[in-house]
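To start, the structure itself, in structure tokens.
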Amino acid sequence: MRVLHLPNNLASQIDILVRALRDLGVEARGLVRNNAPIQSGPGVENYIVLSRKRYPVRGTIQTLGWWSAVRQAICWADVVHWHSSGQVLPFALDLKYIAWQKKARLVEFWGSDIRIPEIATRDNPYLARLLAQPGYRYGISFKASHSAQARFSRNGFACLVPGPEMPAYVVPELFPAYYRSEAALLLSEFQPQYPDPQKRRPLVVHVPSNPMIKGTSDVLHIVERLQARHPFDFRLIHRVPRDEALAIVRESDIVLDQFIIGSFGLVSLEAMALGKPVFCYIRPSVTPLLPDGCPIVNANLDNLAEILGDLLGDGTMRRELGQKGRAYVEQHHDARRIAGHLIEIYQELLAKG
């Protein structure tokens with residue numbers, strides 16, 4: 001079986017899944033465009049494509065090379081696993097080409113590519129407040145989400161959604177049935193370093209890929225207030241290469257993830273894999289959908305100062321939460337286990353012809 005992953009290495013998932021599939025004996029490739037420094041990349045073929053507007057000649061040559069590589073890879077593959085609602089070619093010609101080639105095909109939506117604000121804000125006042133700010137554009141709506149999903153539905157793609165939050169945004173008339181999965185980690189690359197319960201000045205870190213969506217400005221104000229009452233160090237990790245960011249998280253004692261969207265991301269999973277307690281806001285409708293024993297400390301921007309203050313003074317609890325977090329990702333986010341589930345999905349799609 002030859003499996004092709006395209007075109008965006010969101011949260012390093014193409015890289016992780018390609019390598020996990022290879023470990024299980026599958027011929028897997030990942031083709032991505034402009035892989036970001038915050039994403040891992042050993043398992044992907046990364047094509048640098050400059051803007052044609054800023055670099056008319058070089059950008060055009062690189063774009064044509066990227067299109068050619070994608071076309072050849074599609075011809076090579078038995079299964080095409082597409083990540084996010086983005087496109088390679090205009091007018092969905094890439095999706096039409098995959099359908100015309102009669103490839104087994106699957107699209108995995110990851111978050112803001114199909115998140116519908118009208119649903120996401122029903123029980124999330126923090127996201128509602130952000131979206132209500134004058135001039136702020138989230139870049140997605142029900143119309144845009146429906147349009148994105150429709151492109152894949154009419155070209156015969158099956159739908160895959162990871163985690164507990166995303167199924168709420170799948171449009172039933174476009175995808176009456178869909179597959180489920182989880183974000184994956186190669187756990188062998190994460191050696192846990194549990195917090196020292198005797199440490200008197202714990203290190204707290206916040207890792208925002210998108211400060212607006214992660215509530216970073218509010219987090220910084222909360223941290224500043226807490227530092228007047230508690231002895232601890234703080235580091236903001238932003239626009240830092242992935243390996244460097246993980247090295248800082250490995251030395252930390254508490255990790256603050258995101259406090260606007262209402263669900264957790266890869267930062268939470270990587271931190272738990274390293275044995276760290278994690279704070280994140282998970283909105284009420286998502287909380288009961290989490291697996292039993294999820295150790296993420298569910299805090300919002302209104303109670304974060306109080307809950308974080310308690311943990312700053314409890315080294316034993318920091319270590320216990322770190323140990324529970326590692327056990328949680330081992331059970332639910334092991335890349336090899338998730339890759340095995342994907343193989344079953346691919347085989348089912350191939351059997352359907």
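- Hydrophobic cluster membership is shared by Ile119 and Val161, with clusters built from Ile, Leu, Val, Met, Phe, Trp and Tyr side chains linked at under 4.5 angstrom.
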For the pair Leu31 and Leu4, evaluate side-chain contact (heavy atoms from CB on, under 4.5 Å) and give the outcome as yes or no after the intermediate values. CA-CA 8 Å; Leu31 264 65; Leu4 173 66; 4.0 Å; yes
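- Here the SG atom belonging to Cys294 is positioned 11.0 Å from the CD atom belonging to Gln331, to the nearest 0.5 angstrom.
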Check residues 163-173 and write down every donor-acceptor pair under 3.5 Å in which the side-chain atom is one partner and the other belongs to a residue at least two apart or another chain.
| from | atom 1 | to | atom 2 | distance (Å) |
| --- | --- | --- | --- | --- |
| Glu165 | OE1 | Arg115 | NH2 | 2.9 |
| Glu165 | OE2 | Arg115 | NE | 2.9 |
| Glu165 | OE2 | Arg115 | NH2 | 3.4 |
| Glu165 | OE2 | Tyr169 | OH | 2.8 |
| Glu165 | OE2 | Arg283 | NH1 | 3.4 |
| Tyr169 | OH | Arg283 | NH1 | 3.3 |
| Tyr169 | OH | Arg283 | NH2 | 3.4 |

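- Legend: side-chain hydrogen bond (donor to acceptor under 3.5 Å, both in side chains) pairs involving residues 64-75, not counting sequence neighbours, sorted by first then second residue: Ser68-Gln72.
- The closest donor-acceptor contact from the side chain of Lys276 to the backbone of Gln193 lies under 3.5 Å.
- A salt bridge does not link Glu320 to Lys324: none of the charged nitrogens lies less than 4.0 Å from a carboxylate oxygen.
- For the pair Trp110/Pro162, a side-chain contact is recorded, criterion being any heavy-atom separation below 4.5 Å from C-beta on.
- For His146, the ring pair (Phe, Tyr, Trp, His ring centres under 6.0 Å) partners at least two apart in sequence or on another chain are Phe142.
- Legend: residues meeting ring pair (Phe, Tyr, Trp, His ring centres under 6.0 Å) with Phe279, ordered by chain and number and at least two apart, are absent.
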Side-chain atoms of residues 231-245: list all donor-acceptor pairs with protein atoms under 3.5 Å, sequence neighbours left out, distances to 0.1 Å.
| from | atom 1 | to | atom 2 | distance (Å) |
| --- | --- | --- | --- | --- |
| Asp233 | OD1 | Arg201 | NE | 3.4 |
| Asp233 | OD1 | Arg201 | NH2 | 2.9 |
| His238 | ND1 | Pro208 | O | 2.8 |
| Arg242 | NE | Glu270 | OE2 | 3.4 |
| Arg242 | NH2 | Glu270 | OE2 | 2.7 |

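- One finds the OG atom of Ser145 at 8.0 Å from the CG atom of Asp113 (value rounded to the nearest 0.5 Å).
- Judged as a side chain to side chain donor-acceptor pair (under 3.5 Å), and not counting sequence neighbours, the contacts of Asn300 are Tyr126.
- Between Phe157 and Phe152, the distance from one ring center to the other falls under 6.0 angstrom.
- Residue Glu224 places its CD atom among 12 or fewer non-hydrogen atoms of other residues, nucleotides or ligands, all under 6.0 Å distant.
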Where do Arg180 and Tyr178 land on the side-chain contact (heavy atoms from CB on, under 4.5 Å) test, with the steps shown first? CA-CA 7 Å; Arg180 293 288 307 276; Tyr178 53 84; 3.7 Å; yes
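- Two residues are said to be in side-chain contact when any heavy atoms from C-beta on lie closer than 4.5 Å; His83 and Leu6 fail this criterion.
- The ring pair (Phe, Tyr, Trp, His ring centres under 6.0 Å) test applied to His206 returns no partner, not counting sequence neighbours.
- Remark: His341 NE2 is packed, more than 12 non-hydrogen atoms of other residues, nucleotides or ligands lying under 6.0 Å away.
- With sequence neighbours left out, Tyr346 forms a ring pair (Phe, Tyr, Trp, His ring centres under 6.0 Å) with His81.
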Between side-chain atoms of residues 100-107 and protein atoms elsewhere (two or more places apart, or another chain), which donor-acceptor pairs fall under 3.5 Å?
| from | atom 1 | to | atom 2 | distance (Å) |
| --- | --- | --- | --- | --- |
| Gln101 | NE2 | Tyr97 | OH | 3.2 |
| Lys103 | NZ | Ile74 | O | 3.4 |
| Lys103 | NZ | Cys75 | O | 3.1 |
| Lys103 | NZ | Ala77 | O | 2.7 |
| Arg105 | NE | Asn155 | O | 2.7 |
| Arg105 | NH1 | Lys103 | O | 2.5 |
| Arg105 | NH2 | Asn155 | O | 3.4 |

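- Looking only at distances, no side-chain donor or acceptor of Asp218 sits under 3.5 Å from a matching main-chain atom of Leu301.
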Could you walk me through whether Ile345 and Val79 satisfy the side-chain contact (heavy atoms from CB on, under 4.5 Å) test, starting with their C-alpha distance in whole Å, then the side-chain angles of each, then the deciding distance to 0.1 Å, before giving a yes or no? CA-CA 10 Å; Ile345 295 174; Val79 180; over 6 Å; no
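- Listed by first and then second residue, the salt bridge (Lys or Arg N to Asp or Glu O under 4.0 Å) pairs that reach into residues 82-93 come to none, sequence neighbours excluded.
- When all heavy atoms are compared, the tightest approach of Pro42 to Ser40 is CD-C, 3.8 Å.
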Would Trp82 and Glu108 satisfy side-chain contact (heavy atoms from CB on, under 4.5 Å), going step by step from the backbone distance to the final call? CA-CA 6 Å; Trp82 198 280; Glu108 186 166 8; over 6 Å; no
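- Shown are Leu266, Val249, Ile248, Leu256; of these, the side-chain contact (heavy atoms from CB on, under 4.5 Å) with Val207 is made only by Val249.
- Neither Tyr281 nor Ile296 shares a network with the other; the hydrophobic side chains, linked directly or stepwise wherever heavy atoms of I, L, V, M, F, W or Y lie under 4.5 Å apart, form separate groups for each.
- The shortest distance between side-chain heavy atoms of Arg151 and Leu95 falls below 4.5 Å.
- The minimum heavy-atom distance between Leu187 and Ala273, with the atom names listed, is CD2-CB, 4.1 Å.
- Contacts classified as salt bridge (Lys or Arg N to Asp or Glu O under 4.0 Å) and involving residues 292-315 (residues at least two apart or in different chains) are not found.
- Residue pairs that meet the salt bridge (Lys or Arg N to Asp or Glu O under 4.0 Å) test with at least one member in residues 20-31, sequence neighbours left out, are Asp23-Arg336, Arg29-Glu45.
- Ion pairing of Asp257 with Lys214 is present here, as a side-chain N (NZ or NE/NH1/NH2) and a carboxylate O approach within less than 4.0 Å.
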